[in-house]
Asks: 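Before I ask anything, let me first share the structure, which is written out below as structure tokens.
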Amino acid sequence: MAQQLDYHQLRAIFTRFRDANPEPRSELEYVNAYTLLVAVVLSAQATDAGVNRATRPLFARVTTPAQMLELGEEGLIEYIKTIGLFRNKAKNVIALSRILVEQYGGEVPDSRAALQALPGVGRKTANVVLNVAFGYPAQAVDTHIFRVGNRTGIAVGKDVLAVERAIEDNVPVEFQRHAHHWLILHGRYICKARKPRCPDCLIRDLCPYEEKTE
DNA sequence: ATCCCGAGGG
DNA sequence: CCCTCTGGAT
């Protein structure tokens, strides 16, 4: 685990991320808050490319919780059985859709407490919805952000909650809104788990991590 | 700590 | 073969 970088080092790093990609966006495909929520639930331990492959035909037919209940659990499984953990995910998506219809008039609530009370929705998924659908500066710490944060020193912590706090406490405020996607994209394409592409890294000179990639 | 669990990459 | 992918519930 690297040492936590200071405010000025983080300002330099995020300035580069912003200059390279001023408006970073989720690579998950969705058409409204509800389909975003479903896509994020499906994305657990799965690649977004794999999730998009499944949701493209699904969201062509289903864009509301009521339509999802019509489709049903077995119908949903036909669309998502190529995604890992599909049985748990199908059960959770149907159950949360029923709650949205019965308790929220078919809308997606915009509070963390209400989101996390939904089956299959934990802190990370709730934070993604708050950030992407509602524009709040919520920091969803996933596998990429946890790895990149600790490897580079951008956000150091022993668990995801500690890394979330490290981002909130250390990243200059003006960068917090987009920090989530900058870190995800950096982790996905450059600072990869297995074979990081350090020679192609924007912040190589500011990073303590050394990886011999031949 | 363990289970869920398919696809893609190396 | 093994590891990884925008985790959550028990």
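In what follows, chains are A, B, ... by sequence order, proteins preceding strands, each numbered from 1.
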Asks: By the 4.0 Å heavy-atom rule, please label A:Ala140 as base, sugar-phosphate, or nothing.
Replies: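 Counting heavy atoms under 4.0 Å across all strands, no contact is made by A:Ala140.
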Asks: For A:His186, which of A:Val148, A:Ile13, A:Ile154 qualifies under side-chain contact (heavy atoms from CB on, under 4.5 Å)?
Replies: A:Val148
Asks: Closer to the 5' end of DNA chain C via nearest nucleotide, is it A:Lys192 or A:Val121?
Replies: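 Whichever sits nearer the 5' end wins; that is A:Lys192.
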Asks: Is A:His180 close enough to C:dT6 that one of its side-chain N or O atoms is under 4.0 Å from OP1 or OP2 there?
Replies: no
Asks: Is there a donor-acceptor contact under 3.5 Å linking the side chains of A:Tyr136 and A:Arg112?
Replies: no
Asks: Return no unless some side-chain N or O of A:Arg194 is found under 4.0 Å from OP1 or OP2 of B:dG9.
Replies: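 No.
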Asks: Should A:Glu174 and A:Arg11 count as an ion pair when the cut-off is N to O under 4.0 Å?
Replies: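 A:Arg11 and A:Glu174: salt-bridged.
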Asks: Are OP1 or OP2 of C:dC5 and a side-chain N or O of A:Thr143 less than 4.0 angstrom apart?
Replies: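 Checking C:dC5 against A:Thr143, a side-chain N or O does come within under 4.0 Å of OP1 or OP2.
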Asks: Less than 4.0 angstrom between a side-chain N/O of A:Arg53 and OP1 or OP2 of B:dA7, yes or no?
Replies: no
Asks: 5'-most contact on DNA chain C: A:Leu118 or A:Asp48, nearest heavy atom basis?
Replies: A:Asp48
Asks: Mind calculating the distance between CG (A:Leu115) and P (C:dA9) to the nearest angstrom?
Replies: 12 Å
Asks: Using atom P in both nucleotides, what's the gap between B:dC3 and C:dT6 to the nearest angstrom?
Replies: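 About 24 Å, rounded to a whole number of Å.
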Asks: Please classify the nucleic acid contact of A:Ile83 as base, sugar-phosphate, or nothing, using heavy-atom distances under 4.0 Å.
Replies: sugar-phosphate
Asks: Measuring to OP1 and OP2 of B:dC5, would you say a side-chain N or O of A:Gln45 lies under 4.0 angstrom away?
Replies: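 No, outside the criterion.
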Asks: Counting only N and O atoms by type, is there a donor-acceptor contact under 3.5 Å from the side chain of A:Asn131 to the main-chain atoms of A:Gln139?
Replies: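 Between the backbone of A:Gln139 and the side chain of A:Asn131 there is no qualifying donor-acceptor contact (under 3.5 Å).
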Asks: Separation of A:Asn88 atom CG from C:dT10 atom P, in whole Å?
Replies: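 Taking atom P of C:dT10 as the reference, CG of A:Asn88 is at 10 Å.
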